[in-house]
Amino acid sequence: MNAAEIVKGVFSADARAIARAISKVENAEAESSEIMRAVFERSGNAMVIGITGSPGAGKSSLVDKLAMLYKEKGEKIGIIAVDPSSPFSGGAILGDRIRMSALGTDKNIFIRSMATRGNLGGLARATVDAVNILDAAGFQKVIVETVGVGQDEVEIVKAADVVVVVLVPGMGDDVQAIKAGIMEIGDLFVINKADRDGVLKTERELKMLLELTSRQDGWNPPIIKTIAVESKGIDELAEAISKYYEFQKKNENLQRRSAVAKWRLLELLREKLLQELLNKNGAKEKLDQLALEVAQKRIDPYSAVEKILR
Ligand SMILES: Nc1nc2c(ncn2[C@@H]2O[C@H](COP(=O)(O)OP(=O)(O)OP(=O)(O)O)[C@@H](O)[C@H]2O)c(=O)[nH]1
Ligand SMILES: [Mg+2]
């Protein structure tokens with residue numbers, strides 16, 4: 001499939017073409033520019049939901065249940081799980097887990113996991129590109145799951161229309177979440193595993209925290225209690241998501257949008273410049289040679305980089 005064929009396939013929601021397109025942007029292949037140019041014009045219709053929270057909080061379980069709910073309404077749902085911890089399996093473990101569930105075989109649900117590939121980085125950029133591809137393919141909902149650790153991940157969810165932060169009862173997790181800097185980005189908060197002890201305490205603490213911060217847009221992030229494994233609270237969650245979606249659409253926040261756009265431009269620029277530099281004749285060999293010299297303490301990294309740039 002060449003770029004034009006891939007684009008055509010994406011626009012007719014062909015799963016194979018979508019998968020190809022995502023692989024192209026993931027590996028930063030030459031065709032990605034053409035694909036993303038075409039995709040850009042067609043995207044902007046999907047509701048993009050970012051779901052983040054500490055490891056094991058129940059994000060995937062919630063995504064499963066949410067997707068099921070949207071599916072019953074006759075919608076098409078794209079799910080992207082960002083799994084930077086498994087560069088070798090390409091996030092296959094998580095993908096397989098979901099695929100095995102009831103959703104996997106459904107043609108109205110597209111599931112993909114993304115992981116770091118290559119040495120130029122670009123996971124966050126590729127993930128946001130993948131979201132755009134699903135959007136252009138006509139998926140009404142695109143859900144992105146990330147473990148809320150690291151700046152890359154925070155940037156990915158910030159690019160969503162609605163950001164859901166998932167917490168679980170118990171102080172330890174809250175502290176972890178706050179540390180990871182994801183408290184400020186939540187448009188709504190979920191306390192999942194509400195079948196466990198300490199729900200009210202966590203809710204109280206969260207409320208207090210939220211009262212300390214006031215948002216520029218005047219939105220008060222709601223707190224929803226769920227038990228994902230028992231499908232409890234999922235309707236309420238979906239309702240809160242669409243409520244915020246409507247709110248942010250009415251208060252069209254160009255500032256937030258241009259901040260995201262600027263971040264995307266910088267990511268792409270960084271990657272392109274690096275690619276260009278390393279594609280120059282002999283640059284890769286020089287990099288290897290200098291890496292060896294740095295390892296042998298024959299040259300310091302700063303001088304080495306200056307040598308590459310010159
Ligand atoms: N008791 C209880 N267990 C839950 C609930 N939701 C999810 N779990 C369990 O918690 C574990 C982790 O759930 P996942 O949905 O994989 O959590 P996750 O946040 O996606 O995990 P990572 O992607 O690995 O960070 C699983 O064993 C779930 O069955 C819940 O509401 N109550
Ligand atoms: Mg998960």
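Atoms within each ligand, like the ligands themselves, are counted from 1 in listed order.
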List ligand 1 atoms under 4.0 Å from Pro55, heavy atoms only on the residue side. 25 (O)
Partner of Ile51 by side-chain contact (heavy atoms from CB on, under 4.5 Å), out of Thr146, Val63, Val165: Val63
Near Ile227, which atoms of ligand 1 are under 4.0 Å from a heavy atom of that residue? 31 (O)
Atom name of the N, O or S atom of Glu145 nearest to the Mg ion (ligand 2) is OE2
Return a yes/no value for Lys193: is any of its N or O atoms, backbone included, closer than 3.5 angstrom to an N or O of ligand 1? yes
Check ion pair Arg256-Asp217 (N to O, under 4.0 angstrom): no
Using side-chain contact (heavy atoms from CB on, under 4.5 Å) as the criterion, list what pairs up with Arg310, not counting sequence neighbours. Glu306
Heavy atom to atom 31 (O) of ligand 1, shortest distance: which of Ser61, Ala228, Ala81, Ala57 holds it? Ala228
Is the shortest N/O to N/O distance between Arg196 and ligand 1 below 3.5 Å? no
Tell me whether Ala194 has any N or O atom under 3.5 angstrom from an N or O of ligand 1. no
Can you establish whether the number of heavy atoms outside Arg196 located under 6.0 Å from its atom CZ is more than 12? no
Relative to each other, are the rings of Trp219 and Phe247 parallel, tilted or perpendicular (30° and 60° limits)? tilted
Are Glu246 and Lys250 ion-paired here, with the side-chain N under 4.0 Å from a carboxylate O? no
What do you reckon, does Glu145 put a non-hydrogen atom under 4.0 Å from ligand 1? yes
Indicate if the distance from the Mg ion (ligand 2) to the nearest N, O or S atom of Ser60 falls below 2.8 Å. yes
Would you kindly specify which portion of Asp195 sits under 4.0 Å from ligand 1, judged on non-hydrogen atoms: side chain, backbone, both or neither? side chain
Verify the distance criterion only: is there a donor paired with an acceptor across the side chains of Glu293 and Gln289 at less than 3.5 Å? yes
Apply side-chain contact (heavy atoms from CB on, under 4.5 Å) to Phe40 and list each qualifying residue two or more places apart in sequence or on a separate chain. none
Which segment of Glu230 sits under 4.0 Å of ligand 1 when only heavy atoms are counted: neither
